[in-house]
**Q** 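Sharing a structure below in structure tokens format, with a few things to ask.
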Number of protein chains: 4
Amino acid sequence: MLIKIEFESDIPIYEQLKRQIIMGIAKGEFKPGEELPSVRQLSGDIGINLHTVNKTYNILKEEGYLTINRRKGAMVKDELPDAKEEYIHILKDELSYLIADAKNRGINMEDFSKICLDIYSEFEKEV
Amino acid sequence: MLIKIEFESDIPIYEQLKRQIIMGIAKGEFKPGEELPSVRQLSGDIGINLHTVNKTYNILKEEGYLTINRRKGAMVKDELPDAKEEYIHILKDELSYLIADAKNRGINMEDFSKICLDIYSEFEKEV
Amino acid sequence: MLIKIEFESDIPIYEQLKRQIIMGIAKGEFKPGEELPSVRQLSGDIGINLHTVNKTYNILKEEGYLTINRRKGAMVKDELPDAKEEYIHILKDELSYLIADAKNRGINMEDFSKICLDIYSEFEKEV
Amino acid sequence: MLIKIEFESDIPIYEQLKRQIIMGIAKGEFKPGEELPSVRQLSGDIGINLHTVNKTYNILKEEGYLTINRRKGAMVKDELPDAKEEYIHILKDELSYLIADAKNRGINMEDFSKICLDIYSEFEKEV
DNA sequence: GTGGTCTAGACCACG
DNA sequence: GTGGTCTAGACCACG
């Protein structure tokens with residue numbers, strides 16, 4: 001999978017990496033049960049600090065995406081995390097802001113749905 | 001309008017305030033042409049520093065939401081900002097990550113659309 | 001002469017007014033020896049505070065552009081101010097910054113001269 | 001590079017600093033890709049507050065001159081900003097006023113061009 | 001009365 | 001070690 005970090009972004013590298021792995025899983029590029037590259041390898045490939053990859057892996061473990069084994073490294077969980085109440089709450093908060101901003105800028109419900117639908121089908125394409 | 005800041009949150013106070021004002025505009029609680037509270041008043045009401053409110057107002061000015069007049073204070077612009085290409089790009093990036101995470105957690109297209117629709121109609125209720 | 005104030009601008013109103021009067025003189029719309037509108041009239045026409053017009057007139061008097069007579073009001077001096085050393089110094093400072101910024105943004109000497117020439121001939125047109 | 005602030009000036013310190021950095025770039029004293037001093041170092045050298053330097057750096061980032069990296073500090077962008085329409089508009093406004101004032105004071109087109117040419121060639125001397 | 005600027009000092013996140 | 005955020009407090013310009 002291709003990981004692309006924007007070094008000039010305001011979003012911290014560990015957060016960018018986390019998002020890309022989550023999007024990689026949604027696209028089926030990383031499948032449940034599959035091993036992720038080792039911390040050493042991934043940090044070397046991307047050209048970032050070893051601790052940064054480690055931080056990302058640990059956050060993804062906390063969120064229920066990965067298991068980390070001292071010998072076998074990181075692996076995508078067989079069962080992906082489900083949508084707990086707390087998660088739904090955060091999702092709605094984020095969406096409320098995004099939708100408010102979009103609505104203010106003249107994007108109506110149909111335009112917004114169309115954008116979401118395009119993204120969803122992009123993820124469903126290649127499983 | 002009721003502003004509610006989570007002081008424990010990782011999201012900076014000025015950013016939380018910005019989002020709440022944008023949501024307030026979407027809900028019609030702040031209307032185009034309407035004056036916002038002065039930085040001193042709002043900072044006093046919320047219990048945060050004057051400079052933090054000032055920062056939020058200036059960011060919203062940069063984004064095209066407000067005009068700031070040295071003697072009359074801040075006012076919602078008569079014409080809200082429109083959806084420039086750069087904005088659409090950022091919106092799609094944010095949505096891609098949110099949708100990927102949601103999809104992984106078993107939220108399908110229909111569930112997601114339903115959530116968005118609920119939020120949209122919440123904003124459309126005229127106040 | 002048409003005075004146009006941008007009330008949303010960061011430039012103070014008295015400064016905008018000063019610049020417009022100086023440009024009006026350069027265009028020949030106000031001629032040496034000519035009376036300017038009274039403070040009361042001008043402030044009423046533009047819709048700004050009486051003190052603001054007063055401030056502008058006093059600055060222009062300081063700079064050698066106007067004479068102010070209690071009974072006859074403000075008048076453009078018969079002899080416009082000349083380019084003293086101090087003025088030349090300030091002009092060069094301003095131009096140095098403008099040219100540096102323009103050069104950095106890819107505007108070369110010819111483009112810049114062309115812009116200046118256009119402006120000069122605009123002022124020379126209608127005397 | 002030598003930074004010189006006039007503490008008595010009406011021009012805010014952060015604005016003076018911004019102009020000097022832009023002139024430094026035009027002169028080639030700061031080259032694309034080059035790192036600027038840290039906010040702490042520069043503020044200490046000049047004898048101003050750290051936040052004032054920070055404000056300047058952030059404005060220059062907004063204008064497309066710098067990138068700011070939380071750990072590496074500020075760097076002149078590899079690609080300097082280009083002359084967008086909005087910029088050209090502001091430049092013409094500024095020049096119109098400067099030229100009007102100069103013309104009124106007896107500086108003709110040739111004198112003015114000569115001054116601009118001198119400044120341009122000053123910037124073109126490679127350092 | 002309003003925002004703008006500047007200072008001083010603190011703690012934090014990133015890597 | 002770097003910038004980011006936040007607070008507290010001061011003085012000033014505008015009108």
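Side-chain atoms are counted along with the backbone in the values below, which use heavy atoms only and exclude waters and symmetry mates. First the proteins, then the strands, lettered A, B, ... as listed; each starts at 1.
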**Q** With a 3.5 Å distance limit and no angle check, can you tell me whether Lys27(B) reaches the backbone of Gly24(B) through a side-chain donor-acceptor pair?
**A** no

**Q** Is DNA chain F part of any stem, that is, at least 3 consecutive Watson-Crick or G-U pairs with both distances under 3.5 Å, and where?
**A** E:1-14 with F:1-14

**Q** Tell me every residue that passes side chain to side chain contact (heavy atoms under 4.5 Å, CB included) with Glu6(A), counting only those two or more places apart in sequence or in another chain.
**A** Ser9(A), Gln16(A)

**Q** Between Pro12(D) and Gly73(B), just flag the one whose closest nucleotide in DNA chain E comes earlier from the 5' side.
**A** Gly73(B)

**Q** What pairs with Lys18(A) under side chain to side chain contact (heavy atoms under 4.5 Å, CB included), at least two apart in sequence or on another chain?
**A** Glu15(A), Ile22(A), Thr56(A), Ile59(A), Leu60(A), Glu63(A), Tyr97(B)

**Q** Counting only non-hydrogen atoms, which of residues 33-42 of chain B are less than 4.0 Å from DNA chain F?
**A** none

**Q** Partners of Glu8(A) by side-chain hydrogen bond (donor to acceptor under 3.5 Å, both in side chains), sequence neighbours excluded?
**A** none

**Q** Closer to the 5' end of DNA chain E via nearest nucleotide, is it Tyr14(D) or Asp10(B)?
**A** Tyr14(D)

**Q** With sequence neighbours excluded, tell me which residues meet side chain to side chain contact (heavy atoms under 4.5 Å, CB included) with Lys77(C).
**A** Thr67(C)

**Q** Please determine, by modelled atom types, if Tyr65(A) and Asp101(B) share a side-chain donor-acceptor pair under 3.5 angstrom.
**A** yes

**Q** Below 4.0 Å from chain D heavy atoms, what is the first contacting nucleotide of DNA chain E and what is the last?
**A** dT5(E) to dG15(E)

**Q** Show every side chain to side chain donor-acceptor pair (under 3.5 Å) that has at least one partner inside residues 34-47 of chain D, sequence neighbours left out.
**A** none

**Q** Taking only heavy atoms on the protein side, list every residue of residues 49-61 of chain C lying under 4.0 Å from any atom of DNA chain F, sorted numerically.
**A** Asn49(C), Thr52(C), Lys55(C)

**Q** Would you indicate whether the side-chain heavy atoms of Tyr87(D) and Asp82(D) approach each other to under 4.5 Å?
**A** no

**Q** Give every residue pair that meets the salt bridge (Lys or Arg N to Asp or Glu O under 4.0 Å) criterion with at least one member in residues 65-75 of chain C, sequence neighbours excluded.
**A** none

**Q** Give one of base, sugar-phosphate or nothing for Ile48(A), where a contact means two heavy atoms less than 4.0 Å apart.
**A** nothing

**Q** Assign each of Gly47(B) and Asn69(D) to its nearest nucleotide of DNA chain F by heavy atoms, then name whichever residue's nucleotide is nearer the 5' end.
**A** Asn69(D)

**Q** Which residues pass the salt bridge (Lys or Arg N to Asp or Glu O under 4.0 Å) test with Lys92(D), sequence neighbours left out?
**A** none

**Q** Could I get the full list of side chain to side chain contact (heavy atoms under 4.5 Å, CB included) partners for Asn49(B), not counting sequence neighbours?
**A** His51(B), Thr52(B)

**Q** Rounded to the nearest 0.5 Å, what separates atom CG in Leu66(A) from atom OH in Tyr57(A)?
**A** 7.5 Å

**Q** Which value, rounded to the nearest 0.5 Å, describes the distance between Ile5(B) atom CD1 and Gln20(B) atom CD?
**A** 5.0 Å

